Amino acid sequence: MNIAGRIASFLADRGVRCVFMVTGGGAMFLDDALGREARIRCVCNLHEQACAMAAEGWARVSGMPGVVCTTSGPGGTNALTGVAGAWLDSVPMLVISGQVRTDFVAARRPELGLRQLGDQELNVVDMARPITKHAETIWTPADALPALERAWRLCRSGRPGPVWLDVPLDVQGAEWSEAFSAKDAAFAPETLPVVSEETIRMAAERLSASSRPVVVAGAGVRLAKAESDFRAFVERLELPVLTTISGADLMESGHPLFFGRPGIMGGRAANLILQNADCLLVLGTRMGLRTIGYATDALAPDAFKIMIDVDSAELRKPTFRPDLPIHADARDFLRRLSRILAGERIGGRAFAAWREACRALRAAFPLVPESVRSRKDFVSSYVLPERITAFCRSDDIVVTGNGTAYTSMFQAMPLKRGMRLFANQGCASMGYDLPASIGAALAGGGRRVLVADEVEGEGAAALGHGPQVDGVAAHLGHGHLGLHDLVALAVGVHAHDTAPALVQIADDVAHVTVGDGDLQLADGLQQHGAGLGHTGLVGQLHGGLERHFRRVHRVIRSIVQRGLQVDQRVSGQGTPLDALAQALLHRREDVLRQRAAADPRGTDQVL
């Protein structure tokens with residue numbers, strides 16, 4: 001067995017079942033070893049950025065680190081954007097890159113001042129260091145196992161994140177010896193921060209004395225594996241809960257204690273509740289600008305702010321200054337706080353009035369006003385998520401891109417208990433949604449995955465896979481990855497940019513459904529009985545403008561030209577595609593006439 005084989009068996013022994021990779025000469029031994037390891041499935045994306053994003057999706061769903069393997073030089077640099085997303089969103093990831101032979105690595109000879117010595121050689125480790133918890137080159141075969149142990153522990157402990165190992169070819173191919181020790185005396189694994197009992201009691205006293213408390217919860221609750229502790233805590237004390245975008249799926253929307261997602265893309269009721277609290281208990285969220293807005297000094301002016309975070313740096317940042325910063329693991333803190341508050345109630349009569357006020361605000365400021373829901377001239381991107389949720393199962397996973405697919409879904413999508421909803425928040429890169437959904441589907445154990453693609457004219461699906469997006473989509477649809485329950489939703493105003501590629505994702509079946517100015521989502525999805533299971537595309541008409549009708553028309557034509565097998569049924573009426581195209585054009589004329597009649601300035605000015 002060579003070192004590459006030992007690396008593969010190390011990963012498999014720790015439960016890794018998928019590695020996302022693009023093969024290359026600089027990683028030839030690693031590629032071979034991973035391919036030979038029967039317990040590991042090698043998933044070959046068409047671009048290393050997609051590898052890292054797929055690994056992030058895998059990690060979010062499985063709870064295990066996502067693993068990426070790249071070749072040297074551009075293979076490593078291509079992955080950096082996806083790694084940066086994992087770094088910013090605290091997702092555990094292990095990246096293993098190939099490198100040229102050690103005697104051809106310029107970084108090992110700094111006195112020469114060379115930019116490059118080996119073929120396709122780059123100092124990717126120094127590039128990766130600012131966006132990883134740790135990055136190193138394995139210079140000798142004896143260093144391999146200690147470096148792996150170090151990387152595996154670091155990416156999962158404390159605040160999780162990516163770790164990068166660079167492995168030169170001569171180290172990859174060297175023979176493994178049992179004499180090589182896994183022990184590393186210089187490495188001290190991260191431990192959970194120790195919080196004094198006095199600090200926990202101070203938080204308990206502040207919370208008990210408050211009359212308008214609010215809990216703001218984020219993804220750190222899930223990272224700490226504290227979901228059940230969190231739910232038990234807030235339910236026993238009947239505390240109003242707001243979730244950040246990254247923690248959107250911690251609590252179902254129908255829960256009586258859930259009052260929304262605050263922030264610059266949040267609901268008005270949630271923001272009003274946040275602003276009027278007298279005590280904020282912030283759990284597992286860094287309170288980034290998307291949550292608190294840009295007038296940072298004006299946030300919740302009357303509130304005593306208690307913030308719990310496993311990363312002490314987040315407690316010291318200038319944009320959010322907690323009155324009681326607590327450097328702690330969320331699960332450990334919740335369990336200790338629950339013991340102190342056992343048997344106690346909060347706030348008395350004033351607290352009861354506050355809960356009633358929160359309910360009144362939620363009723364007064366719904367996410368989607370009836371005036372928007374009842375519009376007939378376009379499909380609101382805030383109504384669409386409600387319609388999608390109606391057909392979702394409680395174990396569905398929803399992955400979104402950015403733009404409309406991100407803002408509308410996270411603001412307005414109601415979630416059932418058990419559903420997952422995520423996107424990359426910190427980096428928010430185009431091209432994230434499709435590869436991340438592939439990783440999620442592979443980790444989901446049969447759970448259905450819905451990918452809501454960014455279709456604001458930026459071509460995000462193509463970015464996610466590189467120039468051969470059609471080929472990748474076709475592989476998905478024909479079962480090469482077996483993702484028969486991967487559902488593609490085109491959300492936004494420029495569906496034509498992404499639709500042709502998305503159409504190929506799910507079993508060669510696409511549905512473009514319209515009717516009376518509203519999206520007939522129900523009819524289109526019920527064509528297959530189980531709902532969303534084999535739906536390739538939901539085309540959204542937004543704005544009722546002429547150019548959008550023309551674009552949808554072009555989408556239909558492009559589908560036909562590509563020779564795809566497209567289901568010609570629309571709303572259950574068996575309408576052929578040509579008839580659908582004509583119906584769309586007639587609908588356009590109806591909208592134009594209505595706009596012209598409603599506005600004396602004329603159609604041209606309205607458009």
Side-chain angles (χ1 to χ4, degrees), residues 1-11 19-35 47-49 51-52 55 67-84 86-87 93-152 154-155 161-177 179-182 184 186-187:
M1 178 189 292
N2 58 19
I3 295 296
R6 187 65 184 90
I7 291 173
S9 63
F10 175 95
L11 296 174
V19 174
F20 301 90
M21 61 197 297
V22 175
T23 60
M28 63 174 75
F29 296 105
L30 289 168
D31 296 339
D32 180 67
L34 290 168
H47 194 281
E48 291 85 355
Q49 174 177 298
C51 292
V67 180
V68 177
C69 183
T70 79
T71 190
S72 61
T77 59
N78 283 346
L80 288 173
T81 295
V83 173
W87 166 252
M93 183 182 295
L94 173 59
V95 182
I96 304 174
S97 60
Q99 184 55 277
V100 301
R101 279 174 19 197
T102 53
D103 53 336
F104 293 148
V105 177
R108 211 174 189 197
R109 302 284 301 278
E111 74 278 3
L112 297 177
L114 295 173
R115 295 188 180 187
Q116 186 180 60
L117 182 58
D119 184 54
Q120 281 197 311
E121 177 237 338
L122 281 172
N123 184 0
V124 73
V125 166
D126 281 353
M127 297 180 193
R129 278 198 176 109
I131 54 170
T132 58
K133 295 184 69 176
H134 178 72
E136 68 171 298
T137 299
I138 300 176
W139 293 114
T140 71
D143 293 333
L145 207 51
L148 278 167
E149 289 283 7
R150 183 161 54 244
W152 189 255
L154 277 172
C155 72
V163 174
W164 194 297
L165 295 179
D166 199 39
V167 191
L169 275 171
D170 51 331
V171 175
Q172 296 175 37
E175 282 300 306
W176 164 255
S177 169
F180 298 152
S181 172
D184 182 5
F187 173 63

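All heavy atoms count here, side chains included; hydrogens, waters and symmetry mates do not. Computed from a predicted model, the values in this text were never measured in an experiment.
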Could you grab the distance from atom [atom1] of [X] to atom [atom2] of [Y], nearest 0.5 Å is fine?
| X | Y | atom1 | atom2 | result |
| --- | --- | --- | --- | --- |
| Cys69 | Glu48 | SG | CD | 10.0 Å |
| Glu149 | Leu154 | CD | CG | 11.5 Å |
| Leu148 | Ile7 | CG | CD1 | 5.0 Å |

Name each donor-acceptor pair under 3.5 Å that joins a side chain in residues 108-117 to protein atoms two or more places apart or in another chain, with its distance.
unit_1, atom_1, unit_2, atom_2, d
Arg109, NE, Glu111, OE2, 2.8
Gln116, NE2, Glu121, O, 2.9

So do [Y] and [X] actually touch side chain to side chain, heavy atoms under 4.5 Å?
| X | Y | answer |
| --- | --- | --- |
| Pro162 | Ile131 | no |
| Leu11 | Leu34 | yes |
| Leu94 | Leu165 | yes |
| Trp164 | Val124 | yes |
| Phe104 | Leu169 | no |
| Trp87 | Lys133 | yes |
| Arg6 | Leu145 | yes |
| Val105 | Val100 | yes |

Between [X] and [Y] (side chain of the first, backbone of the second, donor and acceptor by atom type, cut-off under 3.5 Å), is there such a pair?
| X | Y | value |
| --- | --- | --- |
| Thr81 | Gln49 | no |
| Thr70 | Ser97 | no |
| Gln99 | Leu122 | yes |
| Gln172 | Leu30 | yes |

Point to revise | Partners meeting side chain to side chain contact (heavy atoms under 4.5 Å, CB included) with Asp126 (sequence neighbours left out) | key: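 Asp126: side chain to side chain contact (heavy atoms under 4.5 Å, CB included) contacts with Asn123, Arg129.
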**Study point:** Which residues share a salt bridge (Lys or Arg N to Asp or Glu O under 4.0 Å) with Asp119, sequence neighbours left out
**Key:**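 Counting only residues at least two positions away or on another chain, Asp119 forms no salt bridge (Lys or Arg N to Asp or Glu O under 4.0 Å).
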Please give me the minimum heavy-atom distance between [X] and [Y], naming the atom from each residue.
| X | Y | value |
| --- | --- | --- |
| Pro168 | Ile138 | CD-O, 3.2 Å |
| Val163 | Thr132 | CA-CB, 4.4 Å |
| Ala8 | Ala33 | CB-O, 3.8 Å |
| Ala135 | Ala128 | CB-CB, 4.4 Å |
| Ser72 | Gly26 | OG-CA, 4.0 Å |

